[in-house]
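Data first, discussion second: the structure below is written as structure tokens.
Keep in mind the model is a prediction, meaning the values are calculated, not measured. Values below: every heavy atom of this structure, side chains too, minus hydrogens, waters and symmetry copies.
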Amino acid sequence: MKAAIIGYGKMGHEIEKILVDRGHEVALIIDLNNAADLNAENLKRVDVAIEFTTPSTAYNNIRTCLECGAAVVSGTTGWTSRLEELQTLCKEKGGAMFYASNYSLGVNLMFRLNRELARLMNRFSGYKLTMSETHHTEKKDSPSGTAVTLAEDAIARLDDKTGWVNEPTDDPALIGIESFREGMNPGEHTVCYSSEDDVLEIHHSIKNRRTLALGAVVAAEFLCGKKGVYTMDDMF
């Protein structure tokens, strides 16, 4: 597999190591100093692009890939109010796109636990839901994309909105997500249901960025040669 890396920060470097370790070729690296090299001429040399940049640049990066006919895997968070636009464009162009807010296997198992727990807790009105997330001080978006996904999944299950800390809402940013930025913490997420009598939590901690980079590379391997819009659910 010939891959492009879009965004050559700490995640980009981790992705490069894993691509090489797994026998793939890094055919193109795009960063701030050569952003103009993200073009059709260069993208036609790759099988898939892996994009981890910033909320302000992700949309245009992914759009460029799709318009140039390049399959793209993205893990950038903080911009996904426009994700549906790109998924539609992908289908119109007959392209390939894979998006996840978090590529950790453990986090994606947590997503499934969270959906099932929300379904069960919907029967009990005495519990209040809160969520918290902690990341390194360089993370741009707050709350994290993973926390937003957890909140969206819980809201989808809680039809009667009983027991929320805030007033009923479909906005995950308003349901009690606490965000903390500390040192070089790669990521922690907690979903908590509390009553007057007990506390029930599910919690996930990432030890390092490698788990995220590995998941992104595996997603790229999965996407290579396919057409359509995919998520971690499809890969699992």
Side-chain angles (χ1 to χ4, degrees), residues 73-84 87 97-136 139 141-182 185-216 218-219 222 228-236:
V73 171
S74 176
T76 306
T77 58
W79 66 275
T80 51
S81 62
R82 303 188 71 185
L83 176 60
E84 208 171 298
Q87 291 172 331
M97 177 181 175
F98 191 114
Y99 181 79
S101 61
N102 194 304
Y103 283 88
S104 162
L105 173 62
V107 162
N108 282 277
L109 292 173
M110 185 182 186
F111 287 155
R112 286 156 179 76
L113 288 170
N114 177 59
R115 289 195 290 266
E116 179 62 13
L117 182 58
R119 184 186 68 80
L120 294 170
M121 295 304 292
N122 194 38
R123 299 165 54 195
F124 303 99
S125 61
Y127 287 85
K128 293 182 178 180
L129 171 65
T130 56
M131 298 184 184
S132 65
E133 57 93 0
T134 303
H135 282 85
H136 53 85
K139 186 167 179 61
D141 55 319
S142 178
S144 70
T146 300
V148 171
T149 299
L150 289 166
E152 289 173 340
D153 286 347
I155 288 171
R157 293 289 182 177
L158 293 170
D159 293 332
D160 62 3
K161 310 290 196 305
T162 301
W164 292 95
V165 173
N166 304 94
E167 291 298 316
T169 177
D170 288 333
D171 183 352
L174 300 178
I175 70 165
I177 299 175
E178 291 188 286
S179 296
F180 304 94
R181 297 293 175 263
E182 299 174 357
N185 191 324
E188 296 183 34
H189 294 87
T190 301
V191 177
C192 177
Y193 289 88
S194 60
S195 72
E196 293 182 358
D197 303 308
D198 61 359
V199 176
L200 174 60
E201 290 184 345
I202 51 175
H203 177 84
H204 182 268
S205 297
I206 291 176
K207 293 182 178 180
N208 53 59
R209 287 184 177 86
R210 178 176 168 78
T211 183
L212 304 172
L214 177 60
V218 171
F222 169 85
V229 173
Y230 298 92
T231 68
M232 293 295 280
D233 286 335
D234 299 302
M235 192 170 76
F236 280 169

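- In terms of heavy atoms, P186 sits closest to N208 at CG-N, 4.0 Å.
- Evaluation of the salt bridge (charged side-chain N to carboxylate O under 4.0 Å, His left out) rule for R181 yields E133 as partners, not counting sequence neighbours.
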Practice task
Would you check, one step at a time, whether the test side-chain contact (heavy atoms from CB on, under 4.5 Å) holds for T130 with E178?
Solution key: CA-CA 8 Å; T130 56; E178 291 188 286; 5.9 Å; no

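- Every side chain to side chain contact (heavy atoms under 4.5 Å, CB included) that L120 has, sequence neighbours left out, goes to E116.
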Practice task
Any chance you could lay out the side-chain contact (heavy atoms from CB on, under 4.5 Å) test for S104 and H204, step after step, and finish with the verdict?
Solution key: CA-CA 10 Å; S104 162; H204 182 268; 3.6 Å; yes

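- No side-chain donor-acceptor contact under 3.5 Å links D198 and Y193.
- In this structure T149 satisfies the side-chain hydrogen bond (donor to acceptor under 3.5 Å, both in side chains) test together with S101, sequence neighbours excluded.
- With sequence neighbours excluded, no residue forms a side chain to side chain contact (heavy atoms under 4.5 Å, CB included) with E196.
- Across every non-hydrogen atom of T231 and D234, the tightest pair is N-OD2, 2.8 Å.
- The distance from atom OG1 of T76 to atom CG of L83, rounded to the nearest 0.5 Å, is 11.5 Å.
- The minimum heavy-atom distance linking H189 with M110 is given by the pair O-CE, 3.5 Å.
- Every side chain to side chain contact (heavy atoms under 4.5 Å, CB included) that A100 has, sequence neighbours left out, goes to F98, Y103, M232.
- Once rounded to the nearest 0.5 Å, the distance linking CG of N108 with CG of N114 reads 12.0 Å.
- Among M131, E201, M121, the one residue that satisfies the side-chain contact (heavy atoms from CB on, under 4.5 Å) test with V191 is M131.
- Listed here is the closest heavy atom pair of L105 and T211: N-OG1, 4.3 Å.
- The distance from the CG atom of L150 to the CD atom of E152 is 9.5 Å, given to the nearest 0.5 Å.
- Remark: E188 pairs with N185 by the side-chain hydrogen bond (donor to acceptor under 3.5 Å, both in side chains) rule, at least two apart or across chains.
- Not counting sequence neighbours, the partners of V229 by the side chain to side chain contact (heavy atoms under 4.5 Å, CB included) test are Q87, C90, K91.
- Side-chain atoms of K139 and S144, non-hydrogen and from C-beta on, do get closer than 4.5 Å to each other.
- Residue pairs meeting the salt bridge (Lys or Arg N to Asp or Glu O under 4.0 Å) criterion with at least one partner in residues 101-113, sequence neighbours excluded, are R112-D233.
- The distance from atom CG of L200 to atom CG of L129, rounded to the nearest 0.5 Å, is 10.5 Å.
- For the pair Y127 and V199, the minimum side-chain heavy-atom distance is 4.5 Å or more.
- Heavy-atom minimum distance, S195 versus G126: CB-O, 3.3 Å.
- I206 approaches V107 most closely through the heavy-atom pair CD1-CG2, 4.4 Å.
- The ring-ring contact (aromatic ring centres under 6.0 Å, His included) test applied to Y230 returns F222, not counting sequence neighbours.
- Judged as a side-chain hydrogen bond (donor to acceptor under 3.5 Å, both in side chains), and not counting sequence neighbours, H136 has no contacts.
- In this structure, T134 has no side-chain hydrogen bond (donor to acceptor under 3.5 Å, both in side chains) partners at least two apart in sequence or on a different chain.
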